[in-house]
J.: 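One structure coming up, written as structure tokens, with questions to follow.
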Amino acid sequence: MKLKEQINFIFEKYNFFPRKSLSQNFLIDPKILSRLIEEINLKGQDLVLEIGAGTGILTSELASRARKVWAVEIDEKLCEILKEELAESSNLEIICADVTKLCLEKFFPQGKKIKVVGNLPYHIASWLMLELARKYWVDHMVFTIQREVAEKITASPGSKKRGMLTVLLTYYADVEKVIDIPPQAFYPSPKIGSTVVKIRPNKKLLARNERIFMQTVRAAFASRRKTLLNALTRGLGMSRENTSRILIKAKIPENKRAEQLKLEDFIRLSNLIEEGKVASSSC
């Protein structure tokens, strides 16, 4: 049975109708499904978290390959379907909840790495990717997200699509575009394209003060039409003279804008700002 026929069968069997409010679009392209499984790169002892299990098309494949799967689904009707359709998967735990309100750590054994996969709704994708990239227990993540978001998080310095999320996410993780997915690969078809991205948390954290680093990035992009001199002066509440001095020391032209900076530039800037705060507090 083809994926679309399989999904239609489930819809009719359980009298289920997709909800736009939950961004419910279900994958029906077997090639994309195979590519997702390939990118997750499962081994027999792997532990997997799936976000947005839907009708269980991917869930069943994960359960057949991994040691343990936790499948999170917000829709209560879909949770009922998952529990009935995948009842024989003894290594599958279905969590019927909003993933943004869960303390995920309580589900996993301590000291174990978890592979994460999911089709993320637009309204939670940015927050969730950044939140998970900071988790010590994440091995790597494979997400299907709105193409616009994927273009933002993979944007190179100089691109107008580069923003605060780009810098913060790449600070915590390596981000790679895997493949674009056309709307017709889903049912019902969304109005926009999607992209699969792979995110690997890294430990190359070089900012001396993470809070100041994040404040620096936010301030720079909060007034992205302004030069860095003006944006940082305003956003960080520093004097214009002090901001100018720090930019000169960081070897960053005052007239540059936030999207032109590399990650290393922001780290260097935040370290110099942190030095200045420490020096002023010790006087």
Side-chain angles (χ1 to χ4, degrees), residues 1-30 32-34 36-37 39-110 112-125 128 131-132 135 137-139 141-145 185-188 190 194 196:
M1 185 183 296
K2 294 182 179 180
L3 287 183
K4 186 176 181 180
E5 293 174 350
Q6 187 176 343
I7 287 174
N8 276 327
F9 175 78
I10 291 174
F11 286 1
E12 292 177 10
K13 180 179 178 181
Y14 295 96
N15 194 30
F16 176 81
F17 299 94
R19 296 164 61 184
K20 285 186 177 180
S21 61
L22 294 178
S23 302
Q24 289 179 336
N25 305 100
F26 303 94
L27 186 65
I28 57 172
D29 188 322
I32 301 298
L33 178 63
S34 296
L36 285 170
I37 295 168
E39 291 298 329
I40 300 164
N41 191 27
L42 289 178
K43 305 294 191 301
Q45 294 301 307
D46 282 342
L47 308 177
V48 184
L49 168 65
E50 183 187 12
I51 299 171
T55 58
I57 297 296
L58 176 58
T59 315
S60 62
E61 296 290 341
L62 298 174
S64 69
R65 290 168 167 79
R67 177 183 176 185
K68 173 77 176 184
V69 177
W70 293 268
V72 180
E73 175 53 54
I74 192 173
D75 190 308
E76 292 184 2
K77 181 72 173 180
L78 285 175
C79 287
E80 294 173 7
I81 293 172
L82 288 166
K83 288 174 182 177
E84 184 165 337
E85 291 294 314
L86 302 178
E88 295 182 2
S89 298
S90 59
N91 62 336
L92 172 63
E93 181 176 344
I94 297 165
I95 305 167
C96 194
D98 181 346
V99 70
T100 66
K101 298 177 181 178
L102 285 177
C103 177
L104 290 166
E105 285 84 352
K106 73 178 183 180
F107 295 99
F108 311 136
Q110 287 189 342
K112 299 295 184 180
K113 289 290 187 178
I114 312 295
K115 294 182 177 180
V116 188
V117 62
N119 183 2
L120 304 186
Y122 176 74
H123 63 282
I124 68 166
L128 191 58
E131 185 72 12
L132 290 174
K135 299 295 187 183
W137 46 264
V138 172
D139 181 88
M141 301 173 271
V142 178
F143 289 140
T144 301
I145 57 177
F186 296 92
Y187 179 77
S194 302
V196 177

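FYI, side chains are in, hydrogens and waters are out, and symmetry mates aren't considered; it's all heavy atoms of this structure. Owing to the predicted nature of the structure, the values given are computational and were not obtained by experimental measurement.
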J.: If I compare all heavy atoms of A53 with all of E73, which pair ends up nearest, and what's the gap?
T.: N-OE1, 3.2 Å

J.: Any non-hydrogen side-chain atom of F107 less than 4.5 Å from a side-chain atom of I114?
T.: no

J.: Can you name the closest pair of heavy atoms from W70 and L47 and give their distance?
T.: CZ3-CB, 3.7 Å

J.: When rounded to the nearest 0.5 angstrom, what is the spacing between NZ in K2 and CD1 in I28?
T.: 10.5 Å

J.: Counting distance only, does the side-chain N/O of N119 pair as donor-acceptor with the main-chain N or O of I145 below 3.5 Å?
T.: no

J.: Please report the interatomic distance CD1(I81) to CG(N15), rounded to the nearest 0.5 Å.
T.: 9.5 Å

J.: Does the side chain of I57 come within less than 4.5 Å of Q6's, by heavy atoms?
T.: yes

J.: Decide yes or no on side-chain contact (heavy atoms from CB on, under 4.5 Å) for K43 and N41, but give the supporting numbers first.
T.: CA-CA 7 Å; K43 305 294 191 301; N41 191 27; 3.2 Å; yes

J.: When you compare the side chain of L104 with that of L49, does any pair of heavy atoms fall below 4.5 Å?
T.: yes

J.: For E39, enumerate each residue passing the salt bridge (Lys or Arg N to Asp or Glu O under 4.0 Å) test, keeping only those at least two apart in sequence or located in another chain.
T.: R35, K198

J.: Does some side-chain heavy atom of L27 sit less than 4.5 Å from a side-chain heavy atom of I32?
T.: yes

J.: If every non-hydrogen atom of Q24 is compared with every non-hydrogen atom of F17, which pair is closest and at what distance?
T.: OE1-O, 4.3 Å

J.: Taking the six-membered ring for Trp, are W137 and F108 ring centroids under 6.0 Å apart?
T.: yes

J.: Should we say atom NZ of K112 is surrounded by more than 12 heavy atoms from elsewhere, each under 6.0 Å from it?
T.: no

J.: Does the side chain of M141 come within less than 4.5 Å of D139's, by heavy atoms?
T.: no

J.: Working to the nearest 0.5 angstrom, can you tell me the gap between I37 CD1 and L62 CG?
T.: 6.5 Å

J.: With sequence neighbours excluded, what pairs up with K13 under the side-chain hydrogen bond (donor to acceptor under 3.5 Å, both in side chains) test?
T.: E85

J.: Compare all side-chain heavy atoms of F143 with those of V196 and state whether any distance is below 4.5 angstrom.
T.: no

J.: Which pair of non-hydrogen atoms, one from C96 and one from E76, has the smallest distance, and what is that distance?
T.: SG-CA, 3.8 Å

J.: Distance from D29 atom CG to K4 atom NZ, nearest 0.5 Å?
T.: 12.0 Å

J.: Can you find a heavy atom in the side chain of V142 that is under 4.5 Å from one in the side chain of V116?
T.: no

J.: Can you tell whether the side chains of D46 and R67 come within less than 4.0 Å, N to carboxylate O?
T.: no

J.: Go through the structure and list residues passing salt bridge (Lys or Arg N to Asp or Glu O under 4.0 Å) with R65, not counting sequence neighbours.
T.: E61

J.: Can you check side-chain contact (heavy atoms from CB on, under 4.5 Å) on S23 and Y122, steps first, answer last?
T.: CA-CA 8 Å; S23 302; Y122 176 74; 5.5 Å; no

J.: Look up atom CD in E50 and atom OG1 in T59, then write down how far apart they are to the nearest 0.5 Å.
T.: 3.5 Å

J.: Measure from the side-chain N and O atoms of N25 to the backbone N and O of Y187, and report whether any donor-acceptor pair falls under 3.5 Å.
T.: no

J.: Centroid separation under 6.0 Å, is that true for the rings of F26 and F11?
T.: yes

J.: Looking only at non-hydrogen atoms, find the nearest pair between A97 and L102 and report the distance.
T.: CB-CD2, 3.8 Å

J.: List the atom of D75, the atom of K77, and the distance in Å for their closest heavy-atom pair.
T.: OD1-N, 2.8 Å

J.: Could you tell me the separation between the CG atom of N8 and the OG1 atom of T55, rounded to the nearest 0.5 Å?
T.: 10.5 Å

